[in-house]
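When a residue number appears, it is its place in the shown sequence, counting from 1. Because the structure is predicted, anything quoted here is derived from the model rather than measured.
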Amino acid sequence: MTSMLSHAIRNLPASSAWAARAFARSLSCSSQLQAAAVQPKSKKTLAKSGVKNIVVVEGVRIPFLQSGTSYADLMPHDLARAALQDVVDYIVYGTVIQEVKTSNVAREAALGAGFSDKTPAHTVTMACISSNQAMTTGVGMIAAGQCDVVVAGGVELMSDVPIRHSRKMRKTMLTLNRAKTLGQKLSLISKIRPDYFAPELPAVAEFSTSETMGHSADRLAAAFGISRLEQDEYALRSHTLAKKAQDGGLLLDVVPFKVPGKDTVTKDNGIRPSSMEQMGKLKPAFVKPFGTVTAANSSFLTDGASAILLMSEEKALAMGYKPKAYLRDFVYVSQDPKDQLLLGPTYATPKVLEKAGLTMDDIDVFEFHEAFAGQILANLKAMDSDWFAQNYMGRKSKVGAPPLEKFNTWGGSLSLGHPFGATGCRLVITAAHRLKKEGGQYGLVAACAAGGQGHAMIVELYPQ
C-alpha cells in the first residue's frame with residue numbers, strides 16, 4: 001500500500017524537481033481542460049474576511065483496480081508512495097483497513113516517495129471518508145498557520161487485508177511467548193484445539209450492529225421504496241458515464257503506475273457497461289432471496305491511492321502555481337448506524353449549504369460517493385422529502401434533490417471503484433475539473449461512511 005501511495009504523491013507538483021517529471025503532465029492536463037473550458041457564471045466568492053484561502057493546486061490518483069488484479073502482490077505503502085516529494089510541510093493520509101507493518105502508512109509512503117525525513121506525516125481513519133478527513137485536517141493546519149503546504153490523500157489495498165488468528169489462538173501464542181520452561185510450553189501447546197486454527201476473516205460490517213453494509217443498503221432501499229430496476233438503471237448510468245469520461249480523456253487525475261514485475265497500469269479496470277438484461281440475471285447478494293442489492297448495483301472491492309496538494313493561496317501564487325479550486329466550508333455529521341447508516345449526504349448537504357450561505361440552485365456540480373445504487377437513490381429521495389426532513393432531521397422543509405444533469409456526470413464509485421480510504425480526494429479533484437470544464441463556480445462533494453457518519457464540502461472554482 002505504501003508504494004501505491006508514494007507513486008500518487010510523487011506525481012504532485014510540489015517542487016521544481018518535479019517539474020521535469022510529473023508536473024509536465026499536470027500542465028498538459030490543465031491545458032486540455034482550459035481549451036475545452038466554458039467560462040464560469042459570475043457569482044459571489046465565498047472568501048471570508050480574516051480567513052486564509054486554501055487552494056487545491058493539483059490532485060492525482062493511480063488507476064483504481066478491482067481487488068485481486070494487478071496490485072494484488074503489493075503492500076499498501078507501495079500504492080501510496082506512487083500517488084507523493086521538498087517544500088511540503090506536512091503529509092496526512094487516510095486508510096481504513098490498516099496493514100499492521102505500516103500502521104502509519106502516510107509516513108512510510110512519504111519516505112518511500114523520497115520526501116525529506118524531516119517532513120512529519122500521520123494517518124487518519126474515518127471509514128469511507130478517511131481521505132476527506134485527511135484533506136480537512138490539512139485545511140485546518142494551513143488555516144491555523146501551522147503549515148503552508150500539505151499533501152493529503154488516501155489508500156486502500158483490499159487484495160491483501162490482514163487475517164488474524166482466532167482470539168483463543170492469539171491468547172495462547174502470547175502466553176506461550178512468556179512461558180519460561182519447556183514444561184510450561186508443552187502444557188500450553190497441549191491445550192490447543194482444532195477450532196483455535198479457524199481464522200478471523202475481515203468483513204465490511206458494522207461493529208455496533210454486526211450488519212454488513214450491503215445488508216444495510218438493501219434495507220435502506222426497501223425503506224425508501226427503491227426497486228431493483230431503478231438500482232440497476234442507476235448503476236448502468238454510472239458505468240456508461242464513466243466509460244464516456246474515460247474514452248473522452250476527462251479523467252485527468254489518473255496517472256500511470258508501473259507495477260513491479262508487471263505492466264504499467266494506465267486506467268481504471270472496473271468500468272464495465274453492461275445491459276439491463278445481463279444485470280437482471282444476477283441474484284441478490286445480501287438479503288436472500290428477495291433483496292434488491294446485487295454485485296452489479298454495488299461498488300466493488302477496490303485497490304487504489306490518491307493524493308491532493310493543498311496550499312495557502314498566498315504560497316501557491318508565490319511559487320508560481322495556478323490553483324484549480326478553493327476548498328471552502330465543510331461539515332461532518334453522524335446518525336443512527338443501524339437504520340440511517342448510509343444517509344450521510346442527506347444530513348450533511350443542508351448543513352454545508354447553510355454554512356456557506358448557498359442554496360441547491362447555486363451548486364453547478366455534484367459529486368456524491370456511490371457505495372450502492374440503492375444508497376444513492378435513497379439519499380436523493382430523502383433529500384426531496386419534506387416528511388423526512390421534518391420527522392427525522394428536525395428541519396422545516398426539504399433541501400431538495402440534486403438534478404441528475406449535474407450529478408456524477410463522469411461516473412462514480414459504482415463504476416470507477418471505491419478504495420475506501422482514497423475516494424474523497426477523487427471526488428474533490430473531479431468536482432474541480434468538472435467546474436472548469438462545464439463553466440460552473442460551486443461544487444458540492446458528499447459521502448456516507450460506516451458508523452452512520454457523513455461529510456460534505458463546498459469546492460469553488462479558482463478564477464480563470
Side-chain angles (χ1 to χ4, degrees), residues 9 12-15 43-59 84 86-94 106-107 110 115 118-126 129-154 306-334 348-349 351-358 362-363 367 424-425 427-429 431-432 435 441-447 449 453-463:
I9 299 174
L12 289 174
S15 72
K43 299 179 182 177
K44 66 178 182 180
T45 179
L46 298 181
K48 296 179 180 179
S49 178
V51 178
K52 280 189 177 182
N53 284 324
I54 317 291
V55 297
V56 174
V57 174
E58 188 57 88
L84 293 165
D86 342 284
V87 298
V88 173
D89 299 317
Y90 207 95
I91 297 168
V92 191
Y93 253 75
R107 176 63 172 170
F115 276 85
K118 303 298 188 292
T119 304
H122 79 269
T123 301
V124 297
T125 186
M126 201 173 181
I129 52 176
S130 292
S131 64
N132 307 65
Q133 181 59 248
M135 284 186 288
T136 57
T137 297
V139 167
M141 296 179 80
I142 296 173
Q146 297 297 312
C147 305
D148 282 317
V149 183
V150 174
V151 169
S306 60
I308 199 164
L309 181 61
L310 304 176
M311 295 187 185
S312 63
E313 182 181 24
E314 182 181 15
K315 182 70 171 182
L317 297 179
M319 294 183 67
Y321 292 130
K322 177 65 178 293
K324 291 179 178 289
Y326 296 106
L327 294 188
R328 297 303 194 188
D329 292 287
F330 61 87
V331 298
Y332 287 94
V333 297
S334 61
T349 295
K351 289 187 176 183
V352 79
L353 288 172
E354 290 170 358
K355 194 172 182 181
L358 300 174
D362 293 317
I363 304 301
E367 283 292 326
C425 288
L427 295 173
V428 167
I429 199 63
L435 286 171
Q441 185 167 348
Y442 302 133
L444 196 158
V445 169
Q453 301 187 106
H455 171 257
M457 174 186 282
I458 301 296
V459 179
E460 180 181 349
L461 182 70
Y462 197 81

Undergrad: Please round to the nearest 0.5 Å and tell me the distance separating atom CD1 of Ile308 and atom NZ of Lys324.
TA: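 Ile308 CD1 to Lys324 NZ: 10.0 Å, rounded to 0.5 Å.
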
Undergrad: Between Ile129 and Ala449, what is the shortest heavy-atom contact and its length?
TA: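 So the two residues come closest at CG1-CB, 3.6 Å.
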
Undergrad: Looking only at heavy atoms, which two atoms of Val149 and Lys315 are closest? And how far apart?
TA: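 So the minimum-distance heavy-atom pair works out to CG2-CG, 3.8 Å.
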
Undergrad: Does a donor on one side chain and an acceptor on the other come within less than 3.5 Å for Glu313 and Tyr462?
TA: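 Short answer, yes.
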
Undergrad: For Ala106 and His122, work out which heavy atoms get closest and say how close.
TA: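 Smallest heavy-atom distance, with atoms named: CB-O, 3.3 Å.
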
Undergrad: Quick one: closest heavy-atom pair of Ala152 and Cys425, and the distance?
TA: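 Closest approach of Ala152 to Cys425: O-SG, 3.9 Å.
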
Undergrad: What pair of heavy atoms forms the shortest contact from Asp148 to Asp89, and how long is it?
TA: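 Looks like N-OD2, 2.8 Å.
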
Undergrad: For a 4.5 angstrom cut-off between non-hydrogen side-chain atoms, does Pro323 reach Leu317?
TA: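 In contact.
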
Undergrad: With side-chain hydrogen bond (donor to acceptor under 3.5 Å, both in side chains) as the test, would you mind laying out the steps for Tyr326 and Thr45 before giving the verdict?
TA: CA-CA 10 Å; Tyr326 296 106; Thr45 179; 5.7 Å; no

Undergrad: Can you find a pair of side-chain heavy atoms, one from Glu367 and one from Val459, that are under 4.5 Å apart?
TA: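 Result no, sub-4.5 Å side-chain heavy-atom pair not found.
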
Undergrad: Out of Asp362, Val331, Val445, Ile363, which residue meets the side chain to side chain contact (heavy atoms under 4.5 Å, CB included) rule with Ile458?
TA: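 Result: among Asp362, Val331, Val445, Ile363, Ile363 is the only option passing the side chain to side chain contact (heavy atoms under 4.5 Å, CB included) with Ile458.
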
Undergrad: Give the minimum heavy-atom separation between Lys48 and Lys355, together with the two atoms involved.
TA: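 Closest approach of Lys48 to Lys355: NZ-O, 4.1 Å.
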
